Amino acid sequence: MPPMSVLRSIESKLESLFEGVFGRAFRTNVQPVELARKLVKEMDDHRNVSVSRVYVPNEYTIYLSPGDREQFATYEAQLRDELGDYLAEHARREGYVLLTPPRVELETDDDLDVGVFGIATRMVQPSEGDRHGPPTDAEPGATMVYKPAAAPVPQPTEPASPVELGIQREVAVLTWNGQRHEVAKRRVVIGRSKDADVQVPDPNVSRRHAELRQEGATYWLVDLDSTNGVEVAGKRVKRVKLEDGTRFTIGSTEIAFSRELQ
């Protein structure tokens, strides 16, 4: 069977998973075929070109709202397998190198709305003996957040543009005293130390003052037992969920958190 026919066959299986008993009840929820298309996009976007090979991530984590996760409860294992097959066939067709067969996991994120989902990727080697590939346990890429478009999603068998599918790339940004820092890792240490990911030259800031953590599609700020603590709206906090526009103070420095589209 030609490569394109194989892809269409797998995509048809994904469509049938949704169009069964769940189709009528969950028309506003995430569809399996939509997950498949976004996974392929993430694979393409995270290519790692070496001297003679093009490596792509082999681990994919999909973050779903509780409502979206629940609709897949009775056939989640089958869905993961079908999505993995879809990724494997796409990689073969494009000539990509996978260190292991693609692995797809589903996670629940209580902060996501129905129809909104995130995808995080990882590139992991099966063993340390392979010296020809990327580093073992490579840093995960940024979680991509996909939101439903205002217009109805086109039929799965028809090509859809990024605008129609509501694809949006987000980047987290910290700003203070005219400084700007785009968050590129899932864990970022903020402090006075030169070894901190985000250095704040404030004598009232501890060397390792706080940590910005990305958990699914949500960002949190966690106090690392600093001397002067972390304050939000004048109240000291140990852990706080960061929304777009949240301002927090460490030492005598106020830092603004924002989520910007690229």
Side-chain angles (χ1 to χ4, degrees), residues 7 10-46 57-88 90 102-122 140-172 186 213-220 241-244 259 261:
L7 283 174
I10 296 174
E11 188 166 295
S12 295
K13 291 181 182 179
L14 291 167
E15 291 171 19
S16 65
L17 285 176
F18 181 80
E19 294 297 340
V21 296
F22 298 93
R24 294 182 179 85
F26 294 102
R27 285 294 178 182
T28 59
N29 289 70
V30 173
Q31 300 183 29
V33 71
E34 185 180 5
L35 295 177
R37 289 178 174 176
K38 301 306 188 298
L39 285 168
V40 164
K41 181 181 185 302
E42 289 303 301
M43 176 178 280
D44 291 338
D45 287 349
H46 290 87
N58 52 346
E59 290 193 2
Y60 299 78
T61 302
I62 302 174
Y63 296 94
L64 298 165
S65 69
D68 282 318
R69 181 77 182 278
E70 182 180 0
Q71 69 166 325
F72 302 136
T74 59
Y75 61 103
E76 184 173 303
Q78 181 184 357
L79 175 61
R80 293 201 309 267
D81 291 343
E82 294 289 354
L83 291 173
D85 290 344
Y86 193 81
L87 286 170
H90 179 73
R103 178 181 177 183
V104 178
E105 296 292 341
L106 302 184
E107 298 288 347
T108 302
D109 189 330
D110 294 333
D111 295 308
L112 291 177
D113 295 326
V114 170
V116 179
F117 61 96
I119 298 177
T121 63
R122 287 179 62 111
T143 299
M144 295 300 301
V145 178
Y146 294 93
K147 301 179 180 180
V153 176
Q155 291 298 319
T157 54
E158 299 176 358
S161 70
V163 174
E164 289 171 327
L165 291 177
I167 299 173
Q168 298 184 10
R169 182 180 292 273
E170 283 189 332
V171 59
R186 298 177 70 82
R213 300 176 184 174
Q214 183 183 1
E215 300 176 2
T218 306
Y219 289 88
W220 298 85
K241 178 182 176 182
L242 297 177
E243 306 284 359
D244 183 35
R259 302 177 69 154
L261 298 179

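Everything numeric here is computed off the predicted structure, so don't read it as measured data.
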Taken in chain and number order and not counting sequence neighbours, the residues that satisfy side-chain contact (heavy atoms from CB on, under 4.5 Å) with Ala88 are Pro102
Nearest heavy-atom contact between Arg186 and Ala120 is NH1-CB, 3.8 Å
Less than 4.5 Å apart, side chain to side chain, heavy atoms only: is that true for Met43 and Leu87?
yes
Does any part of the side chain of Asp45, heavy atoms only, come nearer than 4.5 Å to the side chain of Lys41, both counted from C-beta?
yes
Arg80 meets the side-chain hydrogen bond (donor to acceptor under 3.5 Å, both in side chains) criterion, sequence neighbours left out, with Glu76
Rounded to the nearest 0.5 Å, the CG atom of Asp68 sits from the CZ atom of Phe117 at a distance of 9.0 Å
So, using side-chain contact (heavy atoms from CB on, under 4.5 Å) as the criterion, who are the partners of Asp81 when residues are at least two apart?
none
Can you name the side-chain hydrogen bond (donor to acceptor under 3.5 Å, both in side chains) partners of Glu105, sequence neighbours left out?
Arg103
How long is the straight-line distance from CZ of Phe72 back to CD1 of Ile62, given to the nearest 0.5 Å?
8.0 Å
Set of residues satisfying side-chain hydrogen bond (donor to acceptor under 3.5 Å, both in side chains) with respect to Thr61, sequence neighbours excluded:
none
Just wondering, do Tyr86 and Val40 contact through their side chains at under 4.5 Å, heavy atoms?
yes
Ion pair Glu34/Lys38, N-O distance below 4.0 Å
yes
Please report the C-alpha distance between Leu106 and Leu64 in whole Å, then the side-chain angles of each, then the deciding distance to 0.1 Å, and finally whether the side chain to side chain contact (heavy atoms under 4.5 Å, CB included) criterion is met.
CA-CA 7 Å; Leu106 302 184; Leu64 298 165; 4.3 Å; yes
To the nearest 0.5 angstrom, please state how far the CG atom of Leu242 sits from the CD atom of Gln214.
11.5 Å
Side chains of Asp111 and Lys241, heavy atoms from C-beta outward: is any pair under 4.5 Å?
yes
Residues forming a salt bridge (Lys or Arg N to Asp or Glu O under 4.0 Å) with Asp113, sequence neighbours excluded
none
Separation between OH (Tyr60) and NE2 (His46), nearest 0.5 Å, reads 9.0 Å
How far does CG of Leu112 sit from OG1 of Thr218, to the nearest 0.5 angstrom?
6.0 Å
Pairing residues for Asp44 by the side-chain hydrogen bond (donor to acceptor under 3.5 Å, both in side chains) criterion, not counting sequence neighbours:
His90, Tyr96
Indicate the atoms forming the closest heavy-atom contact of Val30 with Leu35, along with that distance.
CG1-CD2, 3.4 Å
pair Leu83-Pro32: side-chain heavy atoms closer than 4.5 Å
no
